[in-house]
Amino acid sequence: MLRTIVINIAGLSRSLLDEVPSLTALGERGMVCDLEPVLPAVTCTMQATLTTGRPPSHHGIISNGLYFFDTAEVRFWEQSAHLVTAPRVWDLPISRLESQISNLTSEISNVRSEISARRPKTALLFWQQSLYGTADVLLTPKPVHGPGGELIQDCYSRPADLYGCLVAGESALTPGRPRGPFNLMHYWGPMAGVEASRWIADASLQVWRQERPDLLLTYLPHLDYSGHRHGPASQEHRAAARDLEPLVAPLIAAADADGARILILSEYAFLPVGRTVAPNRALREAGLTAIREVNGAEYLHPGDSRAFAMVDNQAAHVYFPRTEDLAADVRNVKRLLKRLDGVAEVLDRPAMGERGLDHPRSGELVALAEPDAHFVYYWWLDEAAAPPFARTVDIHAKPGFDAAELFIDPETKAVPLSADRVRGSHGLVLDDGRGWGVFLAAPAPEELAGRRSLRATEVAHLMR
C-alpha cells in the first residue's frame with residue numbers, strides 16, 4: 001500500500017481552511033470536499049466509523065459515553081479497542097484471512113504468513129478506543145490515579161518504551177529543544193489549548209520518521225476547545241486555526257518527502273449555541289430518576305431509575321433500567337422530552353434504525369437538540385445539592401459530557417455549575433451541511449473525482 005498519514009483535526013470546518021496556508025495548498029493540488037458525519041457527530045463515534053467504514057449500528061460506539069447494563073454505570077471515554085465491534089481498516093486482511101483457517105488447518109502457517117505480509121504497519125496516536133488493539137505503534141494518554149486521589153500523568157505506548165523515548169528526546173518540530181512529557185492539563189479542562197496539539201504533532205513527526213509505519217493516524221484537538229468556548233464564528237476560533245500551520249506543514253512536508261499520501265479530515269464542525277437543555281431534571285421532576293443524598297449532595301443512580309439520559313453535546317441517549325412497562329414509559333418520556341425547549345426531535349428504535357444508530361448499546365430513545373442548543377447532564381434542582389465532582393474536571397465520574405469543564409468560575413475558582421458560557425457544540429447531522437466536517441487528500445483519489453461531499457463511512461477504504 002502507499003504510505004499514508006491521516007491527520008484528524010477536531011472541529012475543522014471548510015470555512016477555516018483559508019487560515020492555514022498548507023491546507024489551502026494541499027486542497028489545490030489534491031482535493032477538498034465536505035465530510036458528512038454519522039449520527040451523533042461526536043469524537044468516539046466518528047473515529048470508530050472513520051476506521052471501520054461502518055455506522056454506529058454496527059461498530060457499537062454510540063456516543064463518547066456508554067451505559068454498561070451489567071454494572072448499571074455510565075462511563076465516558078473508555079479506551080479499550082475491544083469495545084469497537086467492527087474490524088478496523090488495518091485489520092481487514094486479518095478478518096478475511098483468519099476465516100479461512102478453520103477450513104485450511106493443514107495450511108495454517110501459510111495463511112498466517114499471508115496475513116503478516118498483507119497487513120499494514122499501523123501507528124495510532126491519540127485516537128479513541130485504541131488500547132489493547134492491534135495497532136503496531138500506539139500512543140494515548142493513560143494517567144494513573146494515586147491512593148490520595150492525585151493524578152500521575154502518563155501515556156500508554158507500544159512499543160512500551162516509546163513514550164519514554166519521546167519524552168527524553170529532542171523535538172522534531174524545533175530541533176535543539178527537548179520535547180518533554182505530554183501535559184494532560186493541556187488536553188482537556190480550563191488549561192486546554194494548542195500546547196496539546198503541538199506535542200502530538202511533534203510526536204507524530206518523530207514516529208513517522210523513526211517507526212516508518214505504512215499508515216499513521218494522528219489527532220490534533222485544540223480547535224475543539226476554541227469551538228466550545230467561543231463558537232465557530234469567533235475570532236478566537238479563527239486564531240486557533242492559524243495555530244495549525246506550524247504543526248501540519250512539517251507533517252505534510254515529511255509525507256511529501258517520502259512520496260506518501262496525505263489525508264486530512266475533521267469529524268465535525270461546530271454549530272453556534274446559546275441554550276442548554278437538562279433532560280435529567282425533567283425526568284426527575286416526573287419521578288423517573290433515582291436520586292440518593294449523601295452528605296447533602298445528590299447522586300443519580302442509573303440502575304434504579306425508571307428513565308435517565310446520558311447526554312453528549314447535542315444528542316442524548318435515554319435508558320429505562322427499572323421500568324415495569326417499557327412501552328408505556330417510552331411513550332410517556334418521548335412526549336415529555338419533545339415538550340422541552342431546545343429539543344428538536346426524539347428518535348425511537350425505528351427512527352434510530354433509519355439513522356444508523358440502532359444498536360443494543362443505544363438508549364430506547366435518542367433526543368436531538370435544536371441546532372442552537374446543547375444538552376447538560378445536570379439532575380440537581382438546587383446548586384447546593386450538586387455532587388462535589390460537578391465542580392471539578394472529572395470526565396469519568398460524570399454521566400454526561402460537560403463542556404463547562406473548559407471554564408473556571410471566577411468566584412469559586414472551580415468548574416461552573418452552568419454551561420451558559422459554552423458558545424459552540426456538535427453532534428447533529430443537518431441536511432444543509434452545517435456542522436459537517438471537511439476532507440482533504442493529496443493525491444486526489446480517482447474515485448472521488450467530481451465529488452463535493454463524502455460520507456464518513458466511505459473514508460476507511462481510502463486509507464488502504
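Side chains are part of it too, since the values below use all heavy atoms of this structure and drop only hydrogens, waters and symmetry mates.
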Rounded at 0.5 Å granularity, tell me how far [atom1] in [X] sits from [atom2] in [Y].
| X | Y | atom1 | atom2 | result |
| --- | --- | --- | --- | --- |
| Leu139 | Cys155 | CG | SG | 5.0 Å |
| His317 | Met310 | NE2 | CE | 5.0 Å |
| Arg421 | Ile408 | CZ | CD1 | 8.5 Å |
| Leu263 | Leu50 | CG | CG | 10.5 Å |
| Thr51 | Leu124 | OG1 | CG | 8.0 Å |
| Leu26 | Leu17 | CG | CG | 9.5 Å |

Okay, side chain of [X], backbone of [Y]: is any donor-acceptor separation there less than 3.5 Å?
| X | Y | result |
| --- | --- | --- |
| Trp199 | Gly180 | yes |
| Ser305 | Ala290 | yes |
| Trp127 | Thr218 | yes |
| Ser226 | Leu223 | yes |
| Arg292 | His301 | no |
| Ser234 | His237 | yes |
| Asp202 | Ser171 | no |
| Ser266 | Leu12 | yes |
| Thr45 | Val42 | no |
| His426 | Gly11 | no |

Q: Could I get the full list of side chain to side chain donor-acceptor pair (under 3.5 Å) partners for Arg452, not counting sequence neighbours?
A: none

(Q) Restricting to side chain to side chain donor-acceptor pair (under 3.5 Å), what partner residues turn up for Glu370, sequence neighbours left out? (A) none

Scan [range] for pairs that pass side chain to side chain donor-acceptor pair (under 3.5 Å), counting only residues two or more places apart or in two chains.
| range | value |
| --- | --- |
| residues 374-383 | none |
| residues 31-40 | Arg14-Asp34 |
| residues 273-290 | Arg275-Asp341, Arg275-Asp372, Arg284-Glu298 |

Q) With a distance cut-off below 6.0 Å to the six-membered ring centre and an angular limit of 45° from the axis, does Arg75 pair with Phe68 as a cation-pi contact? A) yes

Looking at [X] and [Y], does any basic side-chain N land under 4.0 Å from a carboxylate oxygen?
| X | Y | value |
| --- | --- | --- |
| Glu405 | Lys398 | yes |
| Glu236 | Arg229 | no |
| Glu195 | Arg198 | no |

**Q.** Candidates Ile264, Val438, Asp18, Val32 - the one meeting side chain to side chain contact (heavy atoms under 4.5 Å, CB included) with Leu23
**A.** Ile264

Q: Check each of Arg423, His228, Gln314 against Val273 using the side chain to side chain contact (heavy atoms under 4.5 Å, CB included) test, and report the only one that passes.
A: Gln314

Measure the shortest side-chain to side-chain distance between [X] and [Y] over non-hydrogen atoms and say whether it is less than 4.5 angstrom.
| X | Y | answer |
| --- | --- | --- |
| Phe270 | Ser13 | no |
| Leu83 | Ile61 | yes |
| Ile200 | Leu220 | yes |
| Ser157 | Leu138 | no |
| Glu245 | Ser22 | yes |
| Arg355 | Val429 | no |

Q: Start with the C-alpha distance between Asp358 and Ser57, add both sets of side-chain angles, then the distance that settles side-chain hydrogen bond (donor to acceptor under 3.5 Å, both in side chains), and finish with yes or no.
A: CA-CA 5 Å; Asp358 186 14; Ser57 56; over 6 Å; no

Q: Evaluate the criterion side-chain hydrogen bond (donor to acceptor under 3.5 Å, both in side chains) for residue pair Gln128 and Thr43; output intermediate values, then yes/no.
A: CA-CA 8 Å; Gln128 302 294 325; Thr43 302; over 6 Å; no

Q: Please step through side-chain contact (heavy atoms from CB on, under 4.5 Å) for the pair Gln47 and Tyr219, ending with a clear verdict.
A: CA-CA 10 Å; Gln47 289 188 7; Tyr219 174 71; 3.7 Å; yes

Q | Check against side-chain hydrogen bond (donor to acceptor under 3.5 Å, both in side chains), Thr49 and His59 | A | CA-CA 7 Å; Thr49 289; His59 60 60; 2.8 Å; yes

Closest heavy-atom contact between [X] and [Y]?
| X | Y | result |
| --- | --- | --- |
| Ala309 | Pro279 | CB-CG, 3.9 Å |
| Pro399 | Leu300 | CG-CD2, 4.4 Å |
| Ile5 | Ile7 | CG2-CG1, 3.6 Å |
| Ala390 | Asp402 | O-OD2, 4.3 Å |
| Pro40 | Leu357 | CD-CD1, 3.9 Å |
| Gly303 | Tyr67 | CA-OH, 3.9 Å |

Just wondering, more than 12 heavy atoms not from [X] lying within 6.0 Å of its [atom1]?
| X | atom1 | answer |
| --- | --- | --- |
| Glu411 | CD | no |
| Arg455 | CZ | no |
| Asp70 | CG | yes |

(Q) Classify the ring geometry of Phe69 against Tyr319: parallel below 30°, tilted from 30° to 60°, perpendicular beyond 60°. (A) perpendicular

(Q) Checking Thr323 against Asp329: is there a side-chain donor and acceptor pair closer than 3.5 Å? (A) yes

Q. Side chains of Gln79 and Gln129: is there a donor and an acceptor less than 3.5 Å apart?
A. no

Q: Could you go through the ring-ring contact (aromatic ring centres under 6.0 Å, His included) check for Trp188 and Phe401 one step at a time?
A: CA-CA 12 Å; Trp188 184 252; Phe401 177 80; 5.6 Å; yes

Side-chain atoms of residues 161-170: list all donor-acceptor pairs with protein atoms under 3.5 Å, sequence neighbours left out, distances to 0.1 Å.
from	atom 1	to	atom 2	distance (Å)
Tyr163	OH	Phe182	N	3.1
Glu170	OE1	Gly176	N	3.3

Q.
Evaluate Leu406 against Met191 for side-chain contact (heavy atoms from CB on, under 4.5 Å), listing each step before the verdict.
A. CA-CA 7 Å; Leu406 290 168; Met191 296 173 57; over 6 Å; no

